[in-house]
Undergrad: 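I am attaching a structure below and will ask some questions about it afterwards.
Below, chain A is the first sequence line, B the second, and so on; all start at residue 1.
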Amino acid sequence: MILTLTEAERQIALGISVAVALGGLVLAAAGTQDTMEVHGWLILVFGAICAIVVIRDLWGPEPPRSRLESYYDEPIKAGIIASMAWAVVAMFVGVWVAALLAFPDLTFDGAWASFGRLRPVHTSGVIFGFGGNALIATSLHVVQRTSRARLPDQLSPWFVLVGYNLFCILAASGYLLGVTQSKEYAEAEWYADIWLVIVWVTYFVLYIRTLARRKEPHIYVANWYFMAFILVVAILHIINNLAVPVSLGHAKSYTIWSGVQDAMVQWWYGHNAVAFFLTAGFLGMLYYYLPIRAQRPIFSYRLSILSFWGITFFYMWAGSHHLHYTALPHWVQTLGMTFSVMLLVPSWASAGNALLTLNGAWHRVRDDATLRFMMVAAVFYGISTFEGSFLAIRPVNSLSHYTDWTVGHVHAGALGWVALITFGSFYTLVPSLWKRDTMYSPALVEWHFWLSLAGTLIYIFAMWNSGIIQGLMWRTYTEEGTLAYSFIDSLRAMYPYYIARTLGGLFFLIGAVIGAYNMWRTIRSAPSSAPVEGDVPLSAATAVARG
Amino acid sequence: MDISHDALVAFSKSWGLFYLIGLMIGVLIYTFRPSNRKKFDRAKQSVLDQDDKPWT
Ligand code: HEM
């Protein structure tokens with residue numbers, strides 16, 4: 001992989017690696033009284049490993065000029081592998097925390113294995129590790145293909161990918177150590193946050209530079225979604241993480257927002273993380289890989305543009321539906337509720353657009369599990385956005401808030417929509433990137449599909465049931481006007497559902513493991529359709545290129 | 001500078017409405033302009049084009 005960098009790029013890569021390692025050393029020295037020290041050493045080791053990898057090939061041959069006649073896919077391949085690795089680890093932790101709720105002894109008496117520490121490892125691992133790497137990989141693939149232009153250089157995509165994974169590792173390891181700023185989906189502390197800003201701005205610039213090199217005059221709509229994802233996540237991340245560290249030698253920091261403003265900023269962030277991280281980027285995947293796989297153009301291009309602007313501008317205002325019945329001014333809650341309900345329109349426009357694209361290709365959906373992944377993802381996108389708009393209505397939220405219903409909704413979105421569209425895209429991408437005819441085993445893709453679908457259904461039905469039961473038990477009064485059930489009563493009632501949920505999650509995890517195995521075997525198999533060396537007409541052009 | 005809560009609310013309730021409606025009109029014009037039709041048709045077909053090389 002280093003050999004695809006030019007010599008000048010290798011030197012810069014080495015410089016960056018050394019700088020990161022030194023940065024780690026400084027953190028370790030400054031934080032000797034603190035958990036930050038561990039992170040300092042971790043960064044040092046990470047930077048050193050990068051430096052060694054670069055040095056090994058530092059003086060290798062320069063990549064041929066003919067590279068400019070093909071797309072730059074090496075970082076995309078690495079991103080897919082990283083994404084699947086995070087998927088397996090983080091979904092395993094997910095099954096573990098699910099089991100903890102039914103069997104609390106599974107912490108094995110370790111502080112690091114308590115629910116409060118493992119849960120963010122799961123959420124950040126799946127959202128940022130699995131989802132984020134998938135988004136980086138697919139966005140760099142889509143932008144090159146639809147712009148008909150190669151990435152502008154070889155170094156910055158690697159910086160984005162490797163730097164991003166450093167952030168994910170810092171986040172996940174920090175939670176196990178007890179490092180957290182207690183903001184949901186933004187738990188990582190200030191030094192990791194600053195690092196992510198640097199990485200993310202590079203990502204944004206890389207994307208713009210590639211678009212600027214495009215040969216196709218019109219920017220295909222999938223890129224709009226990816227751009228919105230990159231830009232808005234940058235804004236959200238920076239504003240929500242404005243914080244002052246206790247001292248430069250401590251991991252702990254305090255946010256500059258206070259009271260209800262902090263809550264509003266956090267859920268403006270949280271909801272738009274759902275909107276732009278977990279929706280816009282994945283819609284970018286949908287609008288590119290679904291037409292490719294179905295071999296049919298998107299049903300209505302105009303509709304895709306309308307829903308793009310609808311989604312970007314409505315989502316921004318919906319965050320306050322997470323704060324119904326709080327100190328937040330009433331009109332702000334109403335605003336969030338109204339925009340959430342309106343959001344149903346552009347959301348269903350996208351889901352409907354995807355399904356109508358398949359009209360005339362249903363036989364392919366039947367035969368091809370990869371396309372079925374994407375079809376079912378679009379259906380779950382429709383279901384979870386309908387459910388979301390419903391939950392955002394204030395009286396409904398008074399029943400659902402604090403209950404497992406929210407968790408059911410989340411996983412209809414996260415498993416049914418986000419993960420399934422990702423798997424569908426990967427099964428399309430892996431054979432094409434590694435130049436194989438098909439996946440190693442189409443039968444295993446089927447297995448993965450049915451396990452995922454079964455797992456998702458078991459999961460969300462369990463949570464719908466338990467959530468509504470919980471909500472009802474908490475608001476049932478006796479004739480004397482006292483609460484009929486104690487909290488413990490409601491907890492006992494949850495027991496069978498928590499076991500069912502663990503089982504559903506386990507199915508989903510097994511599916512992901514099968515998928516990772518299948519991809520790995522595909523990568524390791526011999527390229528079947530590669531042109532045999534020497535089996536090309538020798539023209540002046542090929543002779544020079546081989547030169 | 002002293003911005004009262006009420007002033008802010010009045011501002012967002014009026015201005016917020018205007019710019020969102022303005023935006024909507026802009027988007028509708030862009031989407032349905034007849035001269036854009038060819039561009040969009042080309043875009044939706046072009047992703048299916050299977051040549052896997054950058055254009056130079
Ligand atoms: C029209 C679209 C959507 C709307 C209006 C919506 C609305 C909501 C509402 C009202 C809640 C519960 C808030 C509470 O009571 O605390 C919620 C929670 C959540 N939703 Fe959605 N949702 C939508 C789509 C999605 C999608 C596609 C996903 C993808 C994964 C998703 C992920 C989540 C997550 C992660 C939470 C949990 C937040 C927490 O930790 O409390 N939502 N959403």
Side-chain angles (χ1 to χ4, degrees), chain A residues 67-73 141-142 144-151 210 213-223 287-310 312-314 316-317 329 331-332 335 339 342 346 353 357 432-433 435, chain B:
Chain A
R67 71 174 191 277
L68 300 179
E69 285 152 29
S70 59
Y71 295 120
Y72 190 45
D73 289 340
H141 179 257
V142 171
Q144 293 190 86
R145 288 340 187 252
T146 53
S147 306
R148 315 267 177 194
R150 183 183 159 93
L151 295 176
T210 314
R213 292 159 52 89
R214 72 183 186 278
K215 295 290 185 309
E216 186 73 70
H218 176 73
I219 301 178
Y220 185 67
V221 68
N223 291 303
Y287 278 117
Y288 183 76
Y289 296 106
L290 181 86
I292 295 270
R293 191 73 189 189
Q295 294 170 32
R296 297 176 60 82
I298 192 77
F299 167 71
S300 164
Y301 196 78
R302 284 172 169 169
L303 190 57
S304 72
I305 297 175
L306 290 180
S307 34
F308 171 80
W309 290 107
T312 32
F313 278 84
F314 288 174
M316 275 293 164
W317 305 99
W331 69 270
V332 183
L335 184 83
F339 271 88
M342 295 195 306
N353 210 348
T357 303
S432 101
L433 282 182
K435 311 257 184 304
Chain B
M1 206 166 65
D2 204 20
I3 310 170
S4 76
H5 178 74
D6 290 334
L8 206 64
V9 173
F11 178 76
S12 34
K13 281 186 180 170
S14 55
W15 178 239
L17 184 68
F18 294 142
Y19 99 87
L20 277 176
I21 289 183
L23 186 100
M24 185 187 83
I25 294 172
V27 169
L28 284 175
I29 292 176
Y30 173 78
T31 314
F32 288 104
R33 232 167 88 153
S35 62
N36 277 340
R37 157 159 264 181
K38 246 184 47 217
K39 191 160 77 181
F40 295 159
D41 280 344
R42 224 188 82 75
K44 79 183 206 182
Q45 294 294 341
S46 75
V47 292
L48 299 179
D49 185 0
Q50 283 299 321
D51 88 69
D52 203 33
K53 273 197 176 70
W55 293 349
T56 38

Undergrad: Return the CD1 to CZ distance between B:Ile3 and B:Phe11, rounded to the nearest 0.5 Å.
TA: 9.5 Å
Undergrad: With distance as the sole criterion, is a donor-acceptor pair present between the side chains of A:Asn353 and A:Ser307 under 3.5 Å?
TA: no
Undergrad: What I want to find out is whether A:Asp73 reaches A:Arg145 closely enough, with some N-O distance under 4.0 Å, to be called a salt bridge.
TA: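 Result for this pair is yes, salt bridge flagged.
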Undergrad: Of the backbone (N, CA, C, O) and the side chain (C-beta and beyond), which part of B:Asp49 lies under 4.5 Å from a heavy atom of chain A, both, or neither?
TA: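 Contact with chain A is through both the backbone and side chain of B:Asp49.
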Undergrad: Below 4.5 Å from any heavy atom of chain B, which atoms of A:Leu335 appear? Answer side chain, backbone, both or neither.
TA: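 Contact with chain B is absent: no heavy atom of A:Leu335 under 4.5 Å.
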Undergrad: Roughly how far, to the nearest 0.5 Å, is the NE2 atom of A:His218 from the CG atom of B:Asp41?
TA: 10.5 Å
Undergrad: What part of B:Asn36 lies closer than 4.5 angstrom to a heavy atom of chain A: side chain, backbone, both or neither?
TA: neither
Undergrad: Which bit of A:Arg214 comes within less than 4.5 Å of chain B, counting heavy atoms only: side chain, backbone, both or neither?
TA: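 Neither part; nothing is under 4.5 Å.
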Undergrad: Which one of A:Gln144, A:Arg150, A:Glu216 has the most heavy-atom pairs closer than 4.5 Å to chain B?
TA: A:Glu216
Undergrad: Do the rings of A:Tyr288 and A:His141 sit parallel, tilted or perpendicular, given the 30° and 60° boundaries?
TA: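 Geometry flag for A:His141 against A:Tyr288: perpendicular rings.
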Undergrad: Under 4.5 Å heavy-atom distance to chain A, tell me which part of B:Tyr30 shows up: side chain, backbone, both or neither.
TA: side chain
Undergrad: Please look at A:Phe299 and chain B and tell me whether the side chain, the backbone, both or neither of the residue comes under 4.5 angstrom of a heavy atom of that chain.
TA: backbone
Undergrad: Hey, what do you get for CZ (B:Arg42) to OH (A:Tyr301), rounding to the nearest 0.5 Å?
TA: 11.0 Å
Undergrad: Report which part of A:Tyr220 has an atom under 4.5 Å of a heavy atom belonging to chain B: side chain, backbone, both, or neither.
TA: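 For A:Tyr220, the side chain is the part near chain B, not the backbone.
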Undergrad: To the nearest 0.5 Å, tell me how far A:Asn223 CG sits from A:Thr146 OG1.
TA: 3.5 Å
Undergrad: Can you tell which part of A:Phe308 gets under 4.5 Å to a heavy atom of chain B, answering side chain, backbone, both or neither?
TA: neither
